[in-house]
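Below: one structure, written as structure tokens.
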Amino acid sequence: MLDPHLFRSDLEFVQAQLKRRAIDFDADFYTDLENRRKAVQVKTQELQNERNSRSKSIGQAKAKGEDVQPLLDQVQGLGEQLKAAEAELADIQLQMKSLMEGLPNILDASVPAGNDEDDNVEISRWGELPEFSFEVKDHVDLGALHKGMDFEVAAKITSARFVALKGNIARLQRAIIQFMLDTHGDEHGYSETYVPYIVNADSLYGTGQLPKFSDDLFKVSTDPDLYLIPTAEVPVTNIVRNEIVDNAEMPVKMVCHTPCFRSEAGAYGKDVRGLIRQHQFEKVELVQVVKASESEQAHEELTNHAENILKKLKLPYRKVLLCSGDTGFSSTKTYDLEVWLPGQDKYREISSCSNFKDFQARRLKARWRNPETGKPELVHTINGSGLAAGRTLVAIMENYQTAEGDIVVPDVLQSYMGGKKLISIKMGI
RNA sequence: GGAGAGGUGGCUGAGUGGCCGAAAGCGGCGGUCUUGAAAACCGUUGAGGGUUUAUCCCCUCCCAGGGUUCGAAUCCCUGCCUCUCCGCCA
């Protein structure tokens with residue numbers, strides 16, 4: 001949610017900023033609504049004031065034993081007027097709310113203009129692309145070779161876009177997750193967090209998935225409305241919903257591994273092969289809750305923390321700054337980390353790190369208390385994948401494959417694999 | 001699943017129709033005292049919103065949503081949550 005005060009103080013700025021998102025904001029419609037809001041709100045509050053003061057004098061007269069009937073006659077009809085005014089105000093506020101909550105965040109000044117992912121700007125590249133003296137296999141073929149990745153059986157159990165992992169491949173994914181959690185906890189200062197995988201509508205509203213993006217979610221219950229989490233961002237960020245965080249607790253840095261569930265509506269026919277786009281996948285998420293003055297630096301740091309995982313795994317990657325057309329609804333600025341996949345001969349997204357500034361915090365009513373003023377201020381929220389575990393598994397399998405189809409275990413994962421240096425086909429399941 | 005009790009400010013806890021945004025205590029902040037600290041004493045201390053250049057003033061909020069009433073923390077209805085006991089259970 002954008003700051004309503006910004007609309008009142010500088011509507012042209014808002015309009016120009018939304019234009020960067022290709023949104024043609026109807027300023028006249030807004031101004032009309034806002035004028036009515038102001039008039040009706042003032043009137044409603046005046047009526048409330050009148051009711052309060054008259055009721056008070058009735059009470060006082062009664063206490064003195066006076067006849068209150070004349071006073072009661074005076075308030076005749078006031079209730080009806082008030083009720084009508086309150087209803088009108090509620091209606092206007094509802095319209096205002098639905099207008100406001102449909103608007104995306106304002107982009108950071110550094111975000112380049114563009115329509116889609118083709119216009120994203122590469123910031124940096126890291127690592128040497130592996131060279132193979134044999135024909136590379138992709139993770140699907142490698143997984144089949146190891147009998148460790150079974151899409152057919154998952155389709156039998158559930159449906160398309162699910163996978164069953166077995167043996168060392170399943171263990172490798174677990175090793176990846178453990179390694180990420182430990183690294184972020186021990187080296188990057190994040191507090192390990194465990195949260196529910198099912199969330200209510202308020203939580204999804206708080207982080208911005210609802211009301212606009214309900215199609216992307218799996219709904220598991222009606223009354224109450226409950227959904228499977230599309231990312232740990234939702235439950236973890238909602239920890240601070242309706243809270244005023246003490247200054248001593250700031251910044252709040254949390255790392256959390258969860259499965260993620262996405263309906264992938266609108267993605268039919270896209271990435272149908274393999275593990276890249278699944279209804280269920282594992283991810284380690286980084287979330288930071290910070291002071292406004294520190295959010296830009298924290299965003300850079302959080303992105304570095306995600307990059308550090310790729311570096312430790314020695315996976316070549318590039319860092320891109322998303323253009324205006326590709327930046328998510330709630331984000332002001334997003335870096336994507338794209339890992340090199342030899343099986344696809346291209347870079348694929350493995351992490352997305354966003355600074356939401358106060359956009360989520362305003363919806364969440366998430367604040368911290370500034371000791372200098374003693375007053376609560378909205379926090380800034382930042383999150384990023386650190387990393388998507390399923391795609392990391394893909395990247396390791398493809399980058400570390402041998403001519404025989406074996407998979408070399410990256411150094412940093414060996415201790416998590418019982419000391420194994422190689423996952424050999426001969427070892428079987 | 002069955003039975004019961006309860007949800008009030010940062011915390012404990014009083015408040016069953018008006019004098020209550022709310023006693024008291026604790027905590028926090030400021031001050032007096034002190035070489036400093038503690039203790040004691042004094043003062044202060046919820047959140048959101050509207051109007052306004054600003055002060056002022058006003059509105060809303062006692063789990064949530066409805067209702068009764070001139071007037072609701074207080075009465076009624078619905079929902080949610082917590083606790084206790086029994087049953088079941090990883």
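All chains are named by letter (A, B, ...) in the order of the sequence lines, taking the proteins before the strands, and each is independently numbered beginning at 1.
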Only pairs at least two apart or in different chains count here, so list each salt bridge (Lys or Arg N to Asp or Glu O under 4.0 Å) that has a residue in residues 102-116 of chain A. A:Asp108-A:Lys357
Contacts satisfying ring-ring contact (aromatic ring centres under 6.0 Å, His included) that involve residues 35-93 of chain A (not counting sequence neighbours) are none
Assigned partner base of B:U12, Watson-Crick or wobble definition, under 3.5 Å: B:A24
pair_partner(B:U84), Watson-Crick or wobble, both distances < 3.5 Å, evaluates to B:A3
Residue-level proximity of residues 199-207 of chain A to RNA chain B when a heavy atom falls under 4.0 Å: none
Could you list the residues that satisfy side chain to side chain donor-acceptor pair (under 3.5 Å) with A:His380, not counting sequence neighbours? A:Ser295
In terms of the angle between their ring planes, are A:Tyr30 and A:Phe7 parallel, tilted or perpendicular, with boundaries placed at 30° and 60°? tilted
B:U60 pairs with, by Watson-Crick or G-U criteria that keep both distances under 3.5 Å: B:A47
If you round to the nearest 0.5 Å, how far is NZ of A:Lys319 from OG1 of A:Thr303? 5.5 Å
I'd like the C1' distance from B:U51 over to B:G66, given in whole Å. 30 Å
Value for CG (A:Asp32) from CZ (A:Arg36), rounded to nearest 0.5 Å, stands at 6.0 Å
Considering only the P atoms, how many Å lie between B:A24 and B:U35, rounded to the nearest integer? 34 Å
Sequence-aligned protein contact record of nucleotides 66-82 of chain B, with B where the base is within under 4.0 Å of a protein heavy atom and S where only the sugar-phosphate is: --S-BS-----------
Using Watson-Crick or G-U wobble geometry with both distances below 3.5 Å, tell me the partner of B:G65, or none. B:C77
Is it the case that the ring center of A:Tyr197 lies less than 6.0 angstrom away from the ring center of A:Phe261? no
Hey, what's the ring geometry for A:Phe162 with A:His279, parallel, tilted or perpendicular (30° and 60° as the breaks)? tilted
What interatomic distance, in whole Å, is found between C1' of B:U45 and the corresponding atom of B:G21? 14 Å
Roughly how many Å is it from CD in A:Gln60 to P in B:G18, rounded to a whole number? 13 Å
Using purine N1 to pyrimidine N3 plus N6-O4 or O6-N4 for Watson-Crick, or N1-O2 and O6-N3 for G-U wobble, each under 3.5 Å, what pairs with B:A37? none
What integer distance in Å separates A:Gln48:CD from B:C61:C1'? 12 Å
Between B:G65 (P) and A:Glu86 (CD): distance, integer Å: 14 Å
Sole residue of A:Asp225, A:Ile229, A:Leu226, A:Asn238 in side chain to side chain contact (heavy atoms under 4.5 Å, CB included) with A:Val199: A:Ile229
Quote, to the nearest angstrom, the P distance that separates B:U32 from B:A23. 28 Å
For atom P, what is the distance between B:G2 and B:G50, given to the nearest Å? 46 Å
Please walk me through it: do A:Gln209 and A:Glu233 pass side-chain contact (heavy atoms from CB on, under 4.5 Å)? CA-CA 11 Å; A:Gln209 283 79 12; A:Glu233 167 192 348; 4.0 Å; yes
Over how many whole Å does the gap from A:Asn242 atom CG to B:A64 atom P extend? 11 Å
Starting from the C-alpha separation in whole Å, work towards a yes-or-no answer on salt bridge (charged side-chain N to carboxylate O under 4.0 Å, His left out) for A:Arg348 and A:Glu398. CA-CA 12 Å; A:Arg348 289 300 303 251; A:Glu398 295 191 2; over 6 Å; no
For B:G17, give the paired nucleotide (Watson-Crick: N1-N3 plus N6-O4 or O6-N4; G-U: N1-O2 and O6-N3; both under 3.5 Å), or none. none
Rounded C1' spacing from B:U8 to B:C20 in Å: 12 Å
Just to confirm, is there a sub-4.0 Å distance from OP1 or OP2 of B:C58 to any side-chain nitrogen or oxygen of A:Asn49? no
For atom P, what is the distance between B:G6 and B:C77, given to the nearest Å? 15 Å
Mind telling me whether A:His139 and A:Phe151 have parallel, tilted or perpendicular rings, with 30° and 60° as the class edges? perpendicular
Distance, P atom - from B:U74 to B:U68, rounded to whole angstrom: 15 Å
Before accepting this row, confirm whether a basic side-chain N of the pair A:Arg37/A:Glu34 lies closer than 4.0 Å to the acidic partner's carboxylate O. yes
Go along nucleotides 43-55 of chain B 5' to 3' and tag each nucleotide: B for a protein heavy atom under 4.0 Å from its base, S when only backbone or sugar atoms are that close, - otherwise. ----SSBSS----
